[in-house]
Structures are given as structure tokens and as C-alpha cells.
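Contents: one structure, followed by commentary.
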Amino acid sequence: MNAHHIPPHHHHQQHHAQHAGVTTDLPEISTARLELFSDAVFAIAITLLVLEIDVPDPHDGSMLHGLIRLWPSYGAYVFSFLIIGVVWMNHHTMFYYIRRVDRVLLVLNLLLLMCVAFIPFSAAVLAEGLATGQGSRTAAIFYGLVLTVGGIPFNAIWWYASRGHQHLSHLITPAEASTIKRHFSQGPLLYLGASVIGLVSAVASLTCFALLIVYYMLDVLSSRPEHRPGPAPAAHQQHPGPVSPHPAEPHVSAHEALSAASTPAQLPAAAQPAAGRTCARCGQLSMSS
């Protein structure tokens with residue numbers, strides 16, 4: 001009585017997936033909730049950046065001078081806003097190709113979001129180090145290490161999803177998935193290199209960060225997901241109806257009937273033209289056959 005009932009369409013889906021060459025050992029879990037939750041975290045993190053900019057106190061002098069003194073906060077805000085934006089766009093690209101998720105992907109994505117949510121704090125540390133001039137190189141190194149660590153779960157998501165092509169859709173080939181994997185793996189190495197430069201100069205490290213942001217922005221804008229012809233829409237697919245116990249008779253076109261019959265009496269009733277009707281129907285049948 002407690003046996004789990006498998007609906008009939010489940011067997012049909014498994015049969016169809018096996019013929020399509022898709023492994024069915026993993027459960028089909030939609031990516032919709034994961035993407036919605038991720039977008040919410042990205043939006044909150046990118047909004048928190050502006051809250052790290054303090055309003056200047058007019059009692060400390062000119063308001064204009066106070067706003068100018070906040071230039072380190074402006075710079076950290078712009079850097080971090082664009083970095084989070086690039087990560088969000090690449091995250092969107094990944095899940096354009098990922099068609100299903102499991103618990104491992106959920107955990108890896110959660111680790112990525114944890115790193116994204118930490119970026120506003122590292123941006124505040126960077127702004128404070130540049131404003132006071134004390135520990136600016138340490139602040140630049142810390143900022144770069146946060147970005148480097150964040151690239152690890154980001155790459156882990158794609159590495160896991162593209163392994164065996166089990167989580168990817170038909171919109172991407174294994175060769176293209178490997179190309180994206182190599183491209184994504186450059187990110188943590190480049191950010192780590194920019195962080196090491198911070199040991200010598202904080203300005204030089206920030207310059208490298210700025211160049212990396214421009215590079216990734218141009219890369220995202222120049223590469224768009226390629227639309228491939230997918231399966232036919234449900235409205236245009238022919239669903240098999242109930243199987244008839246009697247075999248269906250072969251369809252005979254009008255011209256085939258005309259050429260096969262020796263006398264008008266042998267013509268099928270459907271093939272004999274009615275009085276007053278034109279031959280347009282015969283011509284249409286011959287073009288579609």
C-alpha cells in the first residue's frame with residue numbers, strides 16, 4: 001500500500017531521454033529557484049556597496065572638500081559594482097547552459113554567493129586604506145584575495161556541471177564547454193597576480209584590477225549565448241495517439257490513384273473529381289506529398 005506509484009508519463013520521459021542520449025540517473029531539478037535566489041543575493045550585495053560611503057560632516061569644513069575626500073570610497077564602489085556585475089553576467093551565462101541542478105551544485109553556488117556578499121566589506125577596507133594611507137598595500141592585497149577566493153567556487157560550478165555533460169543542455173557541445181572552462185579558470189589566476197603586485201604598490205594593484213574589469217566587461221559584451229535549434233515546440237510536435245488494433249491503410253494520393261487505375265470505374269471515390277470542382281486540390285496534394 002505504501003509503494004510509490006510511478007505515473008505513466010514518467011516512463012515515457014525516461015524512454016524519450018534514453019533515445020536522446022541523456023543520462024537519466026540524476027533527478028531533473030529546475031534551476032529557476034537557484035537563479036532567483038542568486039539574483040537576490042547579487043542585488044543586495046551590489047546595493048550594500050553604496051551604504052559603505054559615509055556622508056561628509058558639514059561641521060568638519062566645506063561640503064565640497066568633504067565630498068572630494070571621499071574619492072577612495074568612490075573608486076572602491078565603482079570597482080566592486082562592476083566586478084559584481086561581471087560575475088552576475090557570467091553566472092547568467094553559466095545557467096543559460098546548465099539545465100538541471102543537484103545538491104552539489106546548490107552547495108557550490110551557495111559558496112559563491114557567500115564570497116559575493118563579502119565583497120562590500122572588502123571594498124570598505126580598500127577605501128579606508130586608500131583614504132588614510134595606512135596599510136593601503138595590505139588593503140589592496142586583501143581586496144584581491146577576496147576576488148581570488150570567490151573565483152574558486154565560480155569555477156567549481158562550471159567544472160562540476162560540465163563533467164560528463166550531465167548537467168548541460170543541448171545548446172552547448174562538450175568542446176565548447178571545455179573552452180569556457182579554460183576561459184573561466186583564468187580569472188582567479190589573474191586576480192591573484194594583481195594581488196601579488198599589491199606587495200609592491202597599491203596603486204599598481206588597483207590599476208591591474210581596473211584593466212581586468214575592462215577586459216571582462218568587453219569579453220561579456222562581445223560574447224553572446226549562441227542560439228541553436230532546439231526541439232520543436234509542443235504545439236508543432238505530433239503526439240502519438242492511442243494505438244489502433246487494426247493496421248492503418250496506406251495513404252494513396254489522387255495522382256497515384258489516377259496513374260494506377262486502368263478505367264474510371266477503378267478510381268477510389270475520394271480520387272474522383274466532383275462536378276464543378278477544380279484541380280487545385282490535386283495540385284496541392286502532389287506538392288505536399
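These numbers come from a predicted model, not from an experiment. The figures that follow rest on heavy atoms only: side chains count, while hydrogens, waters and symmetry mates do not.
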Measure the spacing between [atom1] of [X] and [atom2] of [Y] and express it to the nearest 0.5 Å.
X      : Y      : atom1 : atom2 : answer
Ile213 : Ser80  : CD1   : OG    : 7.5 Å
Ile152 : Leu111 : CD1   : CG    : 10.5 Å
Leu190 : Leu211 : CG    : CG    : 11.0 Å
Ser62  : Arg69  : OG    : CZ    : 8.5 Å
Ile98  : Arg100 : CD1   : CZ    : 11.5 Å
Leu49  : Ile119 : CG    : CD1   : 8.0 Å

Work out which heavy atom in [X] is nearest to a heavy atom in [Y]; give both atom names and the distance.
X      : Y      : result
Ala161 : Leu168 : O-CG, 3.6 Å
Ala194 : Cys208 : CB-CB, 3.7 Å
Gly129 : Ser136 : O-CB, 3.6 Å
Glu52  : Pro120 : CG-O, 3.9 Å
Gly150 : Leu112 : O-CD1, 3.6 Å
His165 : Pro174 : CE1-N, 3.6 Å

Original post:
Hey, mind stepping through Ser201 and Arg137 against side chain to side chain contact (heavy atoms under 4.5 Å, CB included) and telling me if it holds?
Top reply: CA-CA 6 Å; Ser201 170; Arg137 289 182 295 179; 5.8 Å; no

Heavy-atom donor-acceptor pair, [X] side chain to [Y] backbone, under 3.5 Å:
X      : Y      : value
Arg99  : Gln166 : yes
Thr31  : Leu34  : no
Trp159 : Pro153 : no
Tyr97  : His170 : no
Ser122 : Val146 : no
Glu128 : Val125 : no

Between [Y] and [X], do the side chains contain a donor N or O and an acceptor N or O under 3.5 Å apart?
X      : Y      : value
His91  : Asn109 : yes
Ser195 : Tyr143 : no
Tyr160 : Asp102 : yes

Same hydrophobic cluster for [X] and [Y], using side-chain heavy-atom links shorter than 4.5 Å among ILVMFWY?
X      : Y      : value
Val149 : Leu147 : no
Met114 : Val116 : no
Met94  : Ile84  : yes
Leu189 : Phe154 : no
Leu36  : Ile46  : no

Original post:
Around atom CZ of Phe37, are there more than 12 heavy atoms of other residues, nucleotides or ligands at under 6.0 Å?
Top reply: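 Check fails, neighbour count at 12 or below.
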
Subject >> ILVMFWY cluster membership beyond Leu145 - transitive side-chain contacts under 4.5 angstrom >> reply: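 The other cluster members (ILVMFWY side chains, heavy atoms under 4.5 Å, direct or chained) are Ile141, Leu192, Val196, Leu199.
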
**OP:** Please work out which of the three classes, parallel, tilted or perpendicular, describes the rings of Trp88 and His92, given edges at 30° and 60°.
**Re:**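 His92 vs Trp88 ring planes: parallel.
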
Original post:
Using 30° and 60° as the class limits, which term best fits the ring planes of Tyr191 and Phe209: parallel, tilted or perpendicular?
Top reply: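 Tilted, since the angle between the ring planes falls between 30° and 60°.
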
Heavy-atom check, side chain of [X] versus side chain of [Y], under 4.5 Å:
X      : Y      : result
Thr47  : Leu51  : no
Leu113 : Phe42  : yes
Leu126 : Leu206 : yes

Original post:
Would Phe95 and Ile157 count as a side chain to side chain contact (heavy atoms under 4.5 Å, CB included) if you check the C-alpha gap in whole Å, the side-chain angles of each, and the deciding distance to 0.1 Å?
Top reply: CA-CA 10 Å; Phe95 283 92; Ile157 292 175; 4.3 Å; yes

Subject >> All ring-ring contact (aromatic ring centres under 6.0 Å, His included) counterparts of Phe81, not counting sequence neighbours >> reply: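 In terms of ring-ring contact (aromatic ring centres under 6.0 Å, His included), with neighbours along the sequence ignored, Phe81 is linked to Tyr77.
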
Subject >> Derivation of the side chain to side chain contact (heavy atoms under 4.5 Å, CB included) call for Ser73 and Asp54 >> reply: CA-CA 8 Å; Ser73 298; Asp54 296 328; over 6 Å; no

**OP:** Could you walk me through whether Ile197 and Thr207 pass side chain to side chain contact (heavy atoms under 4.5 Å, CB included), step by step?
**Re:** CA-CA 10 Å; Ile197 295 177; Thr207 303; over 6 Å; no

